[in-house]
Amino acid sequence: MTTAPPADAAKTAALLSPSPTSVPRPEAPAAPPVRPVPLAVSGLLATALTAYVWSAHGAKPGVLLLLGLALGVALFHSRFGFTSAWQQLVAVGNGTGLRAHALLLGTTATLFALLIGTKTGLFGSVPAPSGGPLGLGLLIGSFLFAIGMQLGGACASGTLFAVGSGQTSIVLTLGGFIGGATLAAWQFDLWKDLPSLEPVVMADHIGWFGSWAVTILVLAAIVLVSRSVQARRNPPPTGPVPSARGAAARVLRGSWPLAVGALALAVLGAGVLLVSGGAWGVTSAFSLWGAELVRALGGHPESWSWWQQPGNKEMLAGPVLADKTSLTDIGIMVGAAVAAALGGTWTLHRGVPWRTATAAVLGGALMGIGARLAGGCNIGAYLAGIASGSLHGWVWGAFALLGTWAGLKLRPLFGLGNPKPGDGIC
């Protein structure tokens with residue numbers, strides 16, 4: 001005689017089981033052969049850059065470049081996306097990507113609480129939380145950024161690893177991104193006085209343990225709600241990516257589960273905080289690169305109000321390859337190139353349709369402007385803000401979801417499709 005499992009055990013099993021999809025996820029195709037020429041070029045570039053930065057600027061910048069290289073490898077292998085995750089959630093109700101975000105955010109919040117709460121840092125740095133003001137710039141900027149993500153086809157971190165892996169259309173997105181960030185810095189006086197409130201960092205009110213506990217509880221609630229939504233909408237599964245067979249080969253040449261990518265990114269992001277004293281960011285470097293281009297063309301960006309602000313002035317005056325964010329950004333692109341070449345998927349795409357190219361440049365520009373208005377992107381505001389227990393990170397995420405909805409409405413104008421419930425994959 002058999003007995004039914006206890007109700008509690010059944011509920012636990014249901015919570016741990018994969019969320020339902022309309023059809024099973026297809027098996028991942030086999031990874032193509034290694035691309036030896038791109039692998040040699042990207043490997044030599046990584047080696048030469050590391051040697052130069054280490055010898056010219058010291059150990060701290062050298063370690064930051066190495067962390068960037070590792071971030072690029074992890075982003076590529078896990079295809080960890082923010083654009084696709086929000087797109088799939090809003091369009092068809094697939095919350096797989098959002099739950100990966102929750103794991104990344106929760107793990108990063110745990111590591112941040114340990115490092116900042118104990119004031120543990122390397123190279124003389126003292127880790128500090130990323131708190132941002134709550135104001136109109138945050139609301140407008142995050143909304144515009146999310147529209148730009150959907151038009152440009154990638155977020156801030158996604159743009160970097162996609163460019164590294166040879167995706168030509170995303171090079172256009174990066175160009176627009178740099179242009180938008182530079183434009184917003186040039187016109188800083190137009191938007192610097194938008195109404196705002198002072199940052200709210202929970203640790204200042206309830207301590208680091210309390211801040212961490214609240215963050216984890218909210219993330220757990222988001223996971224449960226996303227599972228409920230997915231069970232009700234029964235969306236198509238996410239698409240597989242090429243992968244090598246065998247555990248060792250999969251680590252080097254294949255696709256990593258999103259959960260593995262989330263954990264790796266959390267550890268590496270905490271490494272950036274440990275080494276530099278500040279959270280991992282992306283978009284401040286784009287304003288710097290744009291300013292350096294303006295200067296090379298005979299302009300004087302040092303006269304702009306943006307570059308006269310404390311911190312920004314020192315950034316512009318110093319070498320690009322000593323700037324924390326530039327080092328990690330460059331490292332991500334080069335690291336992704338190494339990983340893509342080893343995985344056999346590095347390629348230069350040709351013949352980008354004009355409407356796709358237009359959307360890429362426009363989307364990049366909106367992200368650049370939005371990041372400056374909001375004080376950060378999906379990494380510097382959303383990830384770093386929430387992990388720091390700052391309310392602005394949660395606000396950024398909420399308005400980015402609204403911007404994602406608007407971006408999905410605009411994508412068809414540029415010939416870009418959206419996931420649909422009847423698709424085989426989303």
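Positions are given from 1, in the same order as the sequence printed here.
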Verify the neighbour count for atom [atom1] of [X]: are there more than 12 heavy atoms of other residues, nucleotides or ligands below 6.0 Å?
X	atom1	answer
Tyr52	OH	no
Trp191	CH2	yes
Trp289	CH2	yes

Taking C-beta and beyond as the side chain, do [X] and [Y] meet within less than 4.5 Å on heavy atoms?
X	Y	result
Pro26	Ile425	yes
Leu273	Ile116	yes
Pro32	Pro242	yes
Leu66	Trp54	yes
Met202	Trp208	no
Phe414	Thr356	no
Gln150	Gln87	yes
Leu104	Phe82	yes

Out of curiosity, [X] [atom1] to [Y] [atom2], how far, rounded to the nearest 0.5 Å?
X	Y	atom1	atom2	result
Gln88	Cys426	CD	SG	4.0 Å
Ser228	Arg233	OG	CZ	12.0 Å
Met315	Thr325	CE	OG1	6.0 Å
Lys409	Thr404	NZ	OG1	13.0 Å
Phe286	Thr182	CZ	OG1	10.0 Å
Leu293	Leu288	CG	CG	11.5 Å

Using distance alone, with no hydrogens and no angle criterion, decide if [X] and [Y] have a side-chain donor and acceptor under 3.5 Å apart.
X	Y	answer
Gln230	Arg99	yes
Ser388	Ser390	no
Thr96	Asn94	yes

#### Entry: Trp394 and Thr215: CA distance, side-chain angles, deciding distance, side chain to side chain contact (heavy atoms under 4.5 Å, CB included) verdict
CA-CA 10 Å; Trp394 292 105; Thr215 301; 4.2 Å; yes
### Task
Could you please spell out the steps behind the side chain to side chain contact (heavy atoms under 4.5 Å, CB included) verdict for Thr173 and Val361?
CA-CA 5 Å; Thr173 302; Val361 174; over 6 Å; no
Does [X] use its side chain to pair, donor to acceptor, with the backbone of [Y] at less than 3.5 Å?
X	Y	result
Arg232	Gly93	no
Lys324	Ala279	yes
Ser243	Ser255	yes
Arg35	Trp346	yes
Arg411	Leu408	no
Arg372	Thr283	yes
Thr108	Leu105	no
His101	Gly81	yes
His77	Gly254	yes
Arg25	Gly239	yes

Taking all atoms of both residues into account, what is the closest heavy-atom pair of [X] and [Y], and its distance?
X	Y	result
Leu98	Ala85	N-CB, 4.1 Å
Asn312	Trp306	ND2-O, 3.0 Å
Val251	Trp256	O-NE1, 3.1 Å
Ser157	Asn378	OG-ND2, 3.5 Å
Ser22	Pro236	OG-CA, 3.3 Å
Pro127	Thr120	CG-O, 2.8 Å

### Task
List the steps and the verdict of side chain to side chain contact (heavy atoms under 4.5 Å, CB included) for Leu69 and Thr50.
CA-CA 10 Å; Leu69 291 167; Thr50 302; 3.8 Å; yes
#### Entry: Criterion side chain to side chain contact (heavy atoms under 4.5 Å, CB included) on Leu71 and Trp280, from CA distance to verdict
CA-CA 10 Å; Leu71 284 165; Trp280 172 29; 3.8 Å; yes
### Message
Can you confirm whether or not the ring centre of Phe143 sits under 6.0 Å from the ring centre of Phe399?
### Response
no
### Message
Taking the ring centre of each residue, are Phe112 and Trp212 less than 6.0 Å apart?
### Response
no
### Task
Kindly assign one of parallel, tilted or perpendicular to the pair Trp396 and Trp86, based on the angle between their ring planes and the thresholds 30° and 60°.
tilted
### Task
Please say which of Ile330, Leu64, Leu65, Val63 ends up in a side-chain contact (heavy atoms from CB on, under 4.5 Å) with Val53.
Leu65
